[in-house]
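Throughout, protein chains are lettered first and strands after them, A, B, ... in sequence-line order, and every chain is numbered starting at 1. Any value given below was found using the heavy atoms of this structure, including those in side chains, with hydrogens, waters and symmetry copies removed.
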Number of protein chains: 2
Amino acid sequence: MIIHEDELEKRLGLFQKALRDRGIKLTHQRLEIFREIASRIDHPDAEAVYRSVKTRLPTVSLDTVYRTLHLLMDLGLIGTLGDRFTSTRFDPNLKPHHHFLCVRCGLARDFESSELDNLDLPEAAEGFGKVIDNNVVVRGICNDCMRAAETVKPR
Amino acid sequence: MIIHEDELEKRLGLFQKALRDRGIKLTHQRLEIFREIASRIDHPDAEAVYRSVKTRLPTVSLDTVYRTLHLLMDLGLIGTLGDRFTSTRFDPNLKPHHHFLCVRCGLARDFESSELDNLDLPEAAEGFGKVIDNNVVVRGICNDCMRAAETVKPR
DNA sequence: TCCTAAATAAGAATAGTTCTTATTATTGAA
DNA sequence: TTCAATAATAAGAACTATTCTTATTTAGGA
């Protein structure tokens, strides 16, 4: 759960600068929430962040944790594990395959590739456990969204 | 949204056989729900499947759609788009990286690899739109879960 | 055809997340 | 440092996706 001290310092610096640059207030809550997420390598959910921060700031609310995590996402200071959809999307394709995913509209399409099915994984990856398979998610802007972006010129 | 007629037939065959082999009843609802998910390439969520099936079976319930989709998952006849967690998990790592994910306990760990950052993608993938980046998810059983499986022998 | 277990519809319940509102705190200005 | 304006917070209501409960219906074997 621990990252290097100097990596944490670097992340905290980025965070404080991002807030200052945009005139966003630096509250105790935001600092503690950022410190918590930035120092962990286990990809906690909002509830887990809330539980930890609560030991230091007993009156913090879960809502503030959510708002702050979303703020951090908007600022590009954190991301999520996997692409998030509001609901589960199902996939009837039983063959090994990978996905193209439009980050704008959520369009998802399958494609096959035996090269990608059989990637040579770095030792680091293999070291975490016994590998079953791997899935490549290609993120992009789909053709429709590209066309829409070209058509509607900003005024 | 359309797949080949013979691919659909093949999927329907697998489905009916899987139910028969296990003595699971073939209901109208199950057949229509499977037909719907099996014939689409757009990875719909339960609500979208429900809306379509409802036009043919007006009395079907959303709950039945959920139960059936989960049954199909348990039977290995469908999967989901991306690995699903009950809640959103956050990631403070801003460097390009990939993930190891334990399918048993949900442990997630980062690893870096410039090779994987710069994969040579098949034309099929590039054809869907403008690519931004790609993320590799390595699915497996983490070391802790492997040890647990070895320690607790089945009786 | 009849019987029985399994499956369904309907609606209540739950989990995760977001919204509303009254209160509090940050930050720039005096 | 104090003050004022405005943003941010806590609390709880509300909302969305999903699952559970229960009375009713149905598939499939005898």
Worksheet item: Over how many whole Å does the gap from B/Arg22 atom CZ to C/dA6 atom C1' extend?
Response: 17 Å
Worksheet item: With under 30° as parallel and over 60° as perpendicular, where do the rings of A/His99 and A/His97 fit, or are they tilted in between?
Response: perpendicular
Worksheet item: Side chains of A/His98 and A/Asp117: donor-acceptor distance under 3.5 Å anywhere?
Response: yes
Practice prompt. Ignoring backbone atoms, establish whether A/His70 has a side-chain N or O less than 4.0 Å from OP1 or OP2 of C/dT18.
Written response: yes
Give me, pair by pair, the N or O atoms of the protein and of nucleotides 15-17 of chain D that are less than 3.5 Å apart, along with how far apart they are.
none

Worksheet entry | B/Arg40 and B/Ser52 side chains, donor-acceptor separation under 3.5 Å | yes
Discussion item. I need the CG-P distance between B/Leu19 and D/dG29, as an integer number of Å.
Written reply: 13 Å
Fill in: A/Tyr50 OH to C/dT18 C1', straight-line distance once rounded to whole Å
15 Å
Worksheet entry | Note: A/Arg139-B/Asp133 ion pair, threshold 4.0 Å (strictly below) | yes
Worksheet item: Is there a donor-acceptor contact under 3.5 Å from the side chain of A/Arg109 to the main chain of B/Phe128?
Response: no
Fill in: Euclidean distance, atom NE2 of residue B/His28 to atom C1' of D/dT26 [Å, nearest integer]
10 Å
Worksheet item: Roughly how many Å is it from CD1 in B/Ile33 to C1' in C/dT8, rounded to a whole number?
Response: 10 Å
Discussion item. Is it true that A/Asp110 and B/His43 share a donor-acceptor pair across their side chains at a distance under 3.5 Å?
Written reply: yes
Item to complete: For B/Glu32 and C/dA7, give me the distance from atom CD to atom P, rounded to whole Å.
Response: 18 Å
Anything under 3.5 Å between a protein N or O and an N or O of nucleotides 6-10 of chain D, put it in a table, one pair a line.
residue	atom	partner	partner atom	Å
D/dT6	O2	A/Lys25	NZ	3.0
D/dA7	O4'	A/Lys25	NZ	3.0
D/dA8	OP1	A/Arg30	NH1	2.9
D/dA8	OP1	A/Arg30	NH2	3.3
D/dT9	OP1	A/Thr27	OG1	2.8
D/dT9	OP2	A/Arg67	NH1	2.6
D/dT9	O3'	A/Gln29	NE2	2.8
D/dA10	OP1	A/Gln29	NE2	3.4
D/dA10	OP1	A/Thr59	O	3.1
D/dA10	OP2	A/Ser61	N	3.1
D/dA10	OP2	A/Ser61	OG	3.0
D/dA10	OP2	A/Thr64	OG1	2.4

Worksheet item: Would you call A/Arg35 and A/Glu32 a salt bridge, taking side-chain N to carboxylate O under 4.0 Å as the test?
Response: yes
Response to the item:
Paired with B/Glu36, the salt bridge (Lys or Arg N to Asp or Glu O under 4.0 Å) test is passed by just one of B/Arg56, B/Lys54, B/Arg30, namely B/Arg56
